[in-house]
Amino acid sequence: MATASKIESQGRALLQWKATLKTQDLLHIWTSKISPCNWTGITCRNDGHGMATITRVQLGQLGLEGKLETLNFSALPSLRVLNLSHNHLHGSITANISTLSKLTILDLSTNNLTGIIPSALGNLMRLKTLWLFENQISGSIPPSFGKLLNLNWLNISINFLVGSIPPEFGNLTKLQGLYLWRNNLIGSIPCPIGNLVNLREFDISDNQITGPIPHSIGNLTKLETFYLHDNSINGSIPPSLGSLKNLAYLYLNNNNLSGILPDKMANLTNLINLALFNNNLFGNLPADLAKGGLLQHLGLSQNNFQGPIPISLKNSTKLARVRLDGNQFTGDVSQSFGAHPHLFYIDLSNNKLSGNLSPSWGACPNLTSLKISSNRISGQIPREIVQLPKLQLLDISSNNLVGEIPKEFGKLSYIFNLNMSNNHLTGTIPQEFGDLSLLEALDLSSNSLRGQIPTWLKNCSKLQSLKLSNNKLSGVIPFQLGNLNLHEVLDLSDNLFTGEIPPQLGNLMMLQELSLSHNKLVGCIPSSFQLMTGLTSLDLSYNFLEGPVPENQFFQAAPLEWFIHNKGLCGQVHGLPPCHQSQLVSKGDVEKHHKIIILIVPLTFGILLLIIGVSVLLYYKRKKSIASDTKEEFDEHFFSIWGVNHGKKAYKEIIRATENFDEKYQIGTGACSIVYKATISSGVTLAIKKIQKEEEAQVNEQAFQNEVHASIEIRHRNIVRFYGFCSTDKFSFLAYEYMERGCLGATLRSEQVAMKLDWIKRVGIVRDIAQALSYLHHDCNSPIVHRDITSNNILLDEEYKACVADFGISRLLKPDSSHWSLLAGTYGYMAPELAFVMRVTEKCDVYSFGIVALEVIHGMHPGDLLSNLSLSMLVKDILDPRLPLPLHIADQVTMNQVLFVILIAMHCINADPQARPTMQQVSERLSSPNTYPSSPHKHCANAC
């Protein structure tokens, strides 16, 4: 009876706590009819006196929602393990938890706990593991923690803790892992930390720690990971750091460290990642800095290091990512690096390096980014660079390079950014550049190039920025440039171009900057320039242009500097003379009659068209009244960013290309639309989204207006490019860039196609989506919330670049509005708060992004996985089983990136919108591999 009485009293205490939970059904087996020892998550054992007692309560990852403080801890005196992690518990941690005097493991991590940490926790003398990370706990760290002499693991990261690190931590000599990162801690690192001789992992990053690194750190000889980054730590790096011979990951970046790098740093022969960037360090690097041969990531950028790059780096064959940019390094760059089979990124920009570009760069088969701009490198460009099959970005600008551009560069089939500007290159622009089908940015400005612009550039269909200024290029400007998709910059200034400005440049409607200044251009400014609605900057100065400046609002508000030093420009620009009739009509006796004819003919023709148009309109009205099922007329009212004439032409082209929206061109359907594929006469392929007006007219029209409004506002490489729109009486359509590989959702659902999405591509897709959403939320004039981020609204191009599409329910957020809305979105992707508050914020998109990111990694919608998702899960349960695990040493960087995507996704799907990161934060972290965890156990303790 005594045994029964004891276990029953413990069971009653747990049942009383269960009764306070909002999710009692998750513990349905907890009833008085079943022994507590058989309940979910409960473990009992005999206490040695023939009495059963509860020793473990393990209810992690169940989705429990309720208060922790309603649990009567004093009723569980034999408890050794209490694990309530990864639930939705709120409220505070009460002091009576200290009655669990036998407790060895306390895990309350990843909940919504608030309040302060009670000092009474220091009375749990047997505690070995204390995990409180990822809550909303405030206040300071209790000095009483110094009494936990048996503690092995302490993690109170990702909270709102303030105050300093208690010096009493120096008493915790058994501690192996100390994690305090991402709080608001201040003060300096206490010297007694040096007493933690068993410490293997130490992370206090993302705080406001000041003061120097204490010399006592050198006592931590078992330390493997040391993260102090993103603080305000000052002073120099102590030489005692060189005693940490087991150190593999050292992150001191983003602090205020100064002084030289101690020579004893060369003793860190087990270093895999070293990050010191964004400090004030100076002096020479130790000659044998990487003598251990294990170094993979080296980040020393944005300091004041000088002298030669250590020759030891040349022999570091495991290097994968190197950033030395923004320093004062000198010496022959060709002697500093050799063949690095794993190197994928290197940036040596903004130094004082000299010598020639070594042909050995061609022996780095995995290199995707090579940046050596703003140095003193001379000689010719080695042709061996074209042997880099994965090269995507090459920046060798602002050096002293000479000779011609190798024609073999046309073989760099993956390159999207090529910058050779500000050198002394001669010769012509190779015709072979037309083979660079993925090229998005080409900068050859400030060289001595001659000849004409090759018309083959028209094949670079993805080109968004073209800079050829300050050369000796001549001839006429090719009209084919108007057929490109330039969105950012077209700069042809400071050359020797002659002839007239091609009117076809007016087709570059989304171009933001156009400069044709300092040439020998003649004639008038094409009237088609009025269609360039994306222009923010235009420079036509120092030419021989004449005649009227276009009269739309952009030109009328333009500064005079854009038009000065021409032959005779006139118009409504402030500072230009007004145009007289003679300037508008004649330029001399010979031309006068031609001008009059040119004016009269279209006027007469226009009147005839008007008469014919009215007659046709009356005819069709009469015909419509006779037969309501008459074939739809295709030349009705329309509006377009192409302008009237261009819009009409595009309208007819699309009707022709789809054969009046024949079913065989259909490539997709939506809630109120059908998408067609249309290849127009210029060879450009478009995706045409047709919205019917016959049913649900009001809803469809609103969706159409929302999408037009949003699409006109936005321009980003990871948002599907918008070409124009049309609205008739019966339907509307929008014209977008055609994405060859269709939607992400369909790709993941296809067993065969999904296998082509390796882990590197999947991480890239997640990064692309994050960049697009960051742009929408933070870079538009008014933030835009997409409201329907799903895998079906993410499109992939031929190279698996991801673009966000479908803005039918998007919303511009005004700073003074409350953003209340009707429920809109896709089930399974909508933020949970929309079910009861319907308040639209950017954080709704953040949640949807998290779901999509998990879907990309998991291979399907995470679904039921969400209720059990945690960092302590086995990674193999989260990763797409169709792909091999990246577990080889060569794949370690990829594995870390995949784990980091999972970590970020989990933050994004936090039930509390305020706890989710912003998309800007997500994008910055995903775009800067220096923020990836250097090893899986930094953020995923039991992941592998």
Any side-chain heavy atom of Gln302 within less than 4.5 Å of one from Asp325?
-> yes
Using 30° and 60° as the class limits, which term best fits the ring planes of Phe344 and His297: parallel, tilted or perpendicular?
-> perpendicular
Rounding to 0.5 Å, atoms CE (Met906) and CD1 (Ile878) come to a distance of 6.5 Å
Met739 vs Leu796, side chain to side chain contact (heavy atoms under 4.5 Å, CB included): CA-CA, chis, key distance, verdict = CA-CA 6 Å; Met739 305 292 282; Leu796 304 176; 5.7 Å; no
Could you tell me whether a side-chain N or O of Arg182 sits under 3.5 Å from a main-chain N or O of Asp206, the two making a donor and an acceptor?
-> no
Taking it one step at a time, do Leu879 and Ile902 satisfy side chain to side chain contact (heavy atoms under 4.5 Å, CB included)?
-> CA-CA 9 Å; Leu879 301 185; Ile902 296 172; 4.0 Å; yes
Got Gln480 and Leu457 here, is their nearest side-chain heavy-atom distance under 4.5 Å?
-> no
Working for salt bridge (charged side-chain N to carboxylate O under 4.0 Å, His left out), residues Glu440 and Lys801 | CA-CA 12 Å; Glu440 296 181 10; Lys801 181 183 79 171; 3.7 Å; yes
In short, Tyr345 meets Ser369 closest at the heavy-atom pair CD1-CB, 3.5 Å
NZ (Lys411) with more than 12 external heavy atoms under 6.0 Å = no
Okay, side chain of Asn718, backbone of Ala772: is any donor-acceptor separation there less than 3.5 Å?
-> no
Do the numbers put Arg925 on top of the ring of Phe900, so that NZ or CZ is under 6.0 Å from the six-membered ring centre and no more than 45° off the axis?
-> no
Listed by chain and number, what are the side chain to side chain donor-acceptor pair (under 3.5 Å) partners of Asn459, not counting sequence neighbours?
-> none
Side chains of Asn419 and Ser421: is there a donor and an acceptor less than 3.5 Å apart?
-> yes
Mind running side chain to side chain contact (heavy atoms under 4.5 Å, CB included) on Phe409 and Val386 for me, showing each step along the way?
-> CA-CA 6 Å; Phe409 268 38; Val386 304; 3.5 Å; yes
What is the minimum heavy-atom distance between His786 and Asn793, and which atoms define it?
-> CE1-ND2, 4.2 Å
Cationic tip of Arg916 within the cone over Phe849's six-membered ring, i.e. under 6.0 Å and within 45° of the normal?
-> no
Between CD1 of Ile415 and CD of Gln392, what distance do you get to the nearest 0.5 Å?
-> 9.0 Å
Between CE on residue Met919 and SG on residue Cys908, distance to nearest 0.5 Å | 6.0 Å
Is a donor on one side and an acceptor on the other found under 3.5 Å between the side chain of Ser349 and the backbone of Ser373?
-> yes
Looking at Leu484, Leu481, Leu511, Leu486, which one forms a side-chain contact (heavy atoms from CB on, under 4.5 Å) with Leu505?
-> Leu481
Donor + acceptor pair across side chains of Tyr251, Asn273 (<3.5 Å) = yes
Heavy-atom side-chain contact between Lys462 and Glu737 under 4.5 Å = yes
Of all heavy-atom pairs linking Leu436 and Cys460, the shortest is O-SG, 3.7 Å
Output all residues satisfying side chain to side chain donor-acceptor pair (under 3.5 Å) with Ser461, sequence neighbours left out; order by chain, then residue number.
-> none
Between Asn254 and Asn278, is any side-chain donor less than 3.5 angstrom from a side-chain acceptor?
-> yes
Between Leu418 and Leu412, is any pair of side-chain heavy atoms under 4.5 Å apart?
-> no
Give a yes or no answer on whether the side chain of Ser774 reaches the backbone of Ala770 with a donor-acceptor pair at less than 3.5 Å.
-> no
Is the closest side-chain heavy-atom distance between Asp880 and Trp759 below 4.5 Å?
-> yes
d(Ile688 CD1, Tyr665 OH) to nearest 0.5 Å is 12.5 Å
Would Thr790 and Asn792 count as a side chain to side chain donor-acceptor pair (under 3.5 Å) if you check the C-alpha gap in whole Å, the side-chain angles of each, and the deciding distance to 0.1 Å?
-> CA-CA 5 Å; Thr790 71; Asn792 288 334; 5.0 Å; no
Hey, are the side chains of Leu393 and Thr368 touching, using non-hydrogen atoms and a 4.5 Å cut-off?
-> no
Could you state the interatomic distance from CG (Leu538) to CD (Glu513), rounded to the nearest 0.5 Å?
-> 10.5 Å
Quick one: does Leu773's side chain get under 4.5 Å of Val922's, heavy atoms only?
-> no
Do Ile158 and His907 have side-chain heavy atoms sitting under 4.5 Å apart?
-> yes
Are a donor atom and an acceptor atom from the side chains of Asn422 and Ser398 found within less than 3.5 Å of each other?
-> yes
Do any N or O atoms from the side chain of Arg882 and from the backbone of Ala754 form a donor-acceptor pair under 3.5 angstrom?
-> no
Given side chain to side chain contact (heavy atoms under 4.5 Å, CB included), test Arg762 with Leu748 step by step and report yes or no.
-> CA-CA 10 Å; Arg762 296 193 187 204; Leu748 292 172; 4.1 Å; yes
Atom CZ of Phe433 and atom CD1 of Ile453: how far apart are they, to the nearest 0.5 Å?
-> 13.0 Å
